[in-house]
Colleague: 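Before I ask anything, here is the structure I am working with.
Numbers restart at 1 for each chain; the letters A, B, ... are given by sequence-line order, proteins then strands.
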2 protein chains.
Amino acid sequence: MSSRVTHAPRQSARSKLIDAAHMLVRKQGYAATSVDEICAAAGVSKGAFFHHFASKEELGVAAAEQWTARADELIFTLPPWVRIEDPLERLLAHIDFRLFMLEGPPEGFTCFVGTMVQESFASSEALRHASEASISAYCERLAVDIEAAIARYRIRDGVSAISLAWHVQAVLQGAFVIAKARNSPREARDSVLHLKRYIKMLFDGGENR
Amino acid sequence: MSSRVTHAPRQSARSKLIDAAHMLVRKQGYAATSVDEICAAAGVSKGAFFHHFASKEELGVAAAEQWTARADELIFTLPPWVRIEDPLERLLAHIDFRLFMLEGPPEGFTCFVGTMVQESFASSEALRHASEASISAYCERLAVDIEAAIARYRIRDGVSAISLAWHVQAVLQGAFVIAKARNSPREARDSVLHLKRYIKMLFDGGENR
DNA sequence: GTAAACATACCAACCAGTCGGTATGATATC
DNA sequence: GATATCATACCGACTGGTTGGTATGTTTAC
């Protein structure tokens with residue numbers, strides 16, 4: 001009874017704004033998404049927006065940080081396959097998962113920071129840096145698994161784990177662009193399948209001959 | 001003396017506007033680039049802009065079409081290596097060329113239509129379609145060379161020429177995103193090297209063991 | 001001379017950001 | 001335990017500047 005809930009969890013407005021930004025920016029881009037639009041989608045007032053964020057740019061930075069946390073959870077923590085013991089199998093399951101995600105409209109599977117950084121790399125060092133941090137975090141986390149696979153199975157041509165991780169990220173980002181251009185995830189999925197074949201070949205040149 | 005220069009090449013304003021759009025959009029994105037900014041960079045008045053284009057969107061469509069012509073010339077017509085007889089060597093020279101291009105600031109090597117389509121796919125069907133046409137044209141042209149290589153050397157797993165062409169395009173588009181995020185083309189180049197290794201392995205699994 | 005190729009001045013809508021104010025709840029004072 | 005004080009969360013009207021686009025006039029080409 002005396003359970004002091006202290007103050008009611010009033011994270012609400014701030015995180016609703018970030019969620020709305022994730023959705024709208026992925027659909028329309030950063031510059032084309034206005035603060036008013038984000039407020040309307042989040043169902044909060046403009047006053048609330050500027051209470052939580054000093055500027056639109058600051059929201060972008062906060063949304064990038066939140067995106068990192070969200071992605072790490074969604075991709076590296078929650079899914080059951082992350083507990084596969086064999087590191088190569090785990091890596092391939094990761095690729096299959098990214099493949100599986102390529103469904104529905106682009107705002108459902110594309111990358112918030114990847115979209116944002118394209119428009120802001122030259123105009124806002126804060127946004128560029130926040131986006132880079134988010135993408136780098138993904139690559140470094142993925143490189144851990146790749147490193148484990150290399151340790152157990154070796155890899156061709158002395159390919160490094162971090163280099164392959166960046167390549168995975170590049171293929172995914174490119175697949176998102178193609179999916180938007182084609183208005184269909186079909187070529188994007190094909191491209192990820194090429195990536196999977198490449199990884200298999202890197203770890204065993206003659207396996208699925 | 002009476003050398004009638006006939007009419008001075010007055011393609012000038014229109015194509016200066018398109019060139020300025022190519023540069024500015026690649027640097028800042030489509031939405032963040034204003035009509036006034038494009039006019040200023042092109043050194044023409046706003047009246048001239050709307051004399052040649054009914055709207056900013058129409059400039060985008062025209063710039064996409066111009067981009068297709070420019071890319072076809074720059075990549076598939078002018079370079080000396082396009083006359084290499086062996087189709088696989090020609091394909092690998094193509095990849096090397098794309099690798100070689102990844103230098104200097106991003107607005108010098110990134111893709112105008114790739115940048116534009118990310119911001120416009122959901123808001124302007126005209127821009128999305130024009131961008132898709134440009135990217136598709138590149139892929140279909142590249143697929144001709146890949147098809148020739150397949151005919152001469154075979155390829156693993158029954159990979160199709162057009163599918164591999166889209167994968168090349170995806171890796172390049174992804175590499176552009178990574179280069180912008182990292183503020184350096186290093187990881188982008190590494191990714192294209194992965195692509196080159198993949199293509200080599202597809203055409204000869206055990207070649208450079 | 002006339003039609004295309006520009007230039008200048010202007011407009012309404014929209015933009016990010018400001019500001020005065022309110023509602024609420026925790027803490028301090030007596 | 002009632003009251004004063006303070007901090008946080010939020011609201012929505014407002015502002016100065018920017019936006020894409022227009023109206024109208026001038027210059028150039030043939």
Colleague: At less than 4.0 Å, is any side-chain N or O atom of His52(A) found next to OP1 or OP2 of dC10(D)? Yes or no.
Modeller: yes
Colleague: Is there side-chain contact between Phe49(A) and Leu59(A), with heavy atoms separated by less than 4.5 Å?
Modeller: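 Contact flag for Phe49(A)/Leu59(A) side chains = yes.
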Colleague: Provide, to the nearest angstrom, the distance between the CD atom belonging to Glu57(B) and the C1' atom belonging to dG21(D).
Modeller: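 It is 14 Å, rounded to the nearest whole Å.
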Colleague: Tell me every residue that passes side-chain contact (heavy atoms from CB on, under 4.5 Å) with Ser191(A), counting only those two or more places apart in sequence or in another chain.
Modeller: Val171(A), His167(B), Ala170(B)
Colleague: Could you please name the option among dC11(D), dC6(C), dG21(D) that lies closest to any side-chain atom of Ala48(B)?
Modeller: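 The listed nucleotide nearest to Ala48(B)'s side chain is dC6(C).
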Colleague: Atom CZ of Phe50(B) to atom P of dT19(D): distance rounded to whole Å?
Modeller: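 The answer, rounded to whole Å, is 12 Å.
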Colleague: Of the nucleotides dC10(D), dG21(D), dA13(D), which one has an atom closest to the side chain of Lys46(A)?
Modeller: dA13(D)
Colleague: Whole angstrom is fine here: how far is it from CG in Leu17(B) over to C1' in dA5(C)?
Modeller: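 It is 12 Å, rounded to the nearest whole Å.
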Colleague: Could you check how far CZ of Phe49(B) sits from C1' of dA4(C), rounded to whole Å?
Modeller: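 Phe49(B) atom CZ is separated from dA4(C) atom C1' by 18 Å.
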Colleague: Name all residues meeting the salt bridge (Lys or Arg N to Asp or Glu O under 4.0 Å) criterion together with Glu85(A); count only those two or more places apart in sequence or in a different chain, and write none if there are none.
Modeller: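 Listed in chain order: Arg152(A).
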Colleague: With a cut-off of 3.5 Å and sequence neighbours excluded, list every side-chain donor-acceptor pair involving residues 101-115 of chain B.
Modeller:
from: Thr110(B); atom 1: OG1; to: Pro106(B); atom 2: O; distance (Å): 2.8
from: Thr115(B); atom 1: OG1; to: Cys111(B); atom 2: O; distance (Å): 2.9
from: Thr115(B); atom 1: OG1; to: Lys180(B); atom 2: NZ; distance (Å): 3.4

Colleague: Mind listing the residues from residues 27-45 of chain B sitting with a heavy atom below 4.0 Å of DNA chain D? Number order is fine.
Modeller: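 Heavy-atom cutoff 4.0 Å gives Thr33(B), Ser34(B), Val35(B).
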Colleague: For residues 133-144 of chain B, which side-chain N or O atoms pair as donor and acceptor with protein atoms under 3.5 Å away, sequence neighbours left out?
Modeller:
from: Ser134(B); atom 1: OG; to: Thr68(B); atom 2: OG1; distance (Å): 2.9
from: Ser136(B); atom 1: OG; to: Arg182(A); atom 2: NH1; distance (Å): 3.4
from: Ser136(B); atom 1: OG; to: Glu132(B); atom 2: O; distance (Å): 3.0
from: Tyr138(B); atom 1: OH; to: His94(B); atom 2: NE2; distance (Å): 2.7
from: Tyr138(B); atom 1: OH; to: Arg98(B); atom 2: NH1; distance (Å): 3.3
from: Arg141(B); atom 1: NH1; to: Asp145(B); atom 2: OD1; distance (Å): 3.4

Colleague: When the nearest nucleotide of DNA chain C is assigned to Lys56(A) and to Gly47(B) on a heavy-atom basis, which residue is associated with the more 5' position?
Modeller: Gly47(B)
Colleague: Can you find a side chain N or O atom of His51(A) that sits less than 4.0 Å from OP1 or OP2 on dA9(D)?
Modeller: yes
Colleague: Which residues pass the salt bridge (Lys or Arg N to Asp or Glu O under 4.0 Å) test with Asp36(B), sequence neighbours left out?
Modeller: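 Applying salt bridge (Lys or Arg N to Asp or Glu O under 4.0 Å) to Asp36(B) gives Lys46(B).
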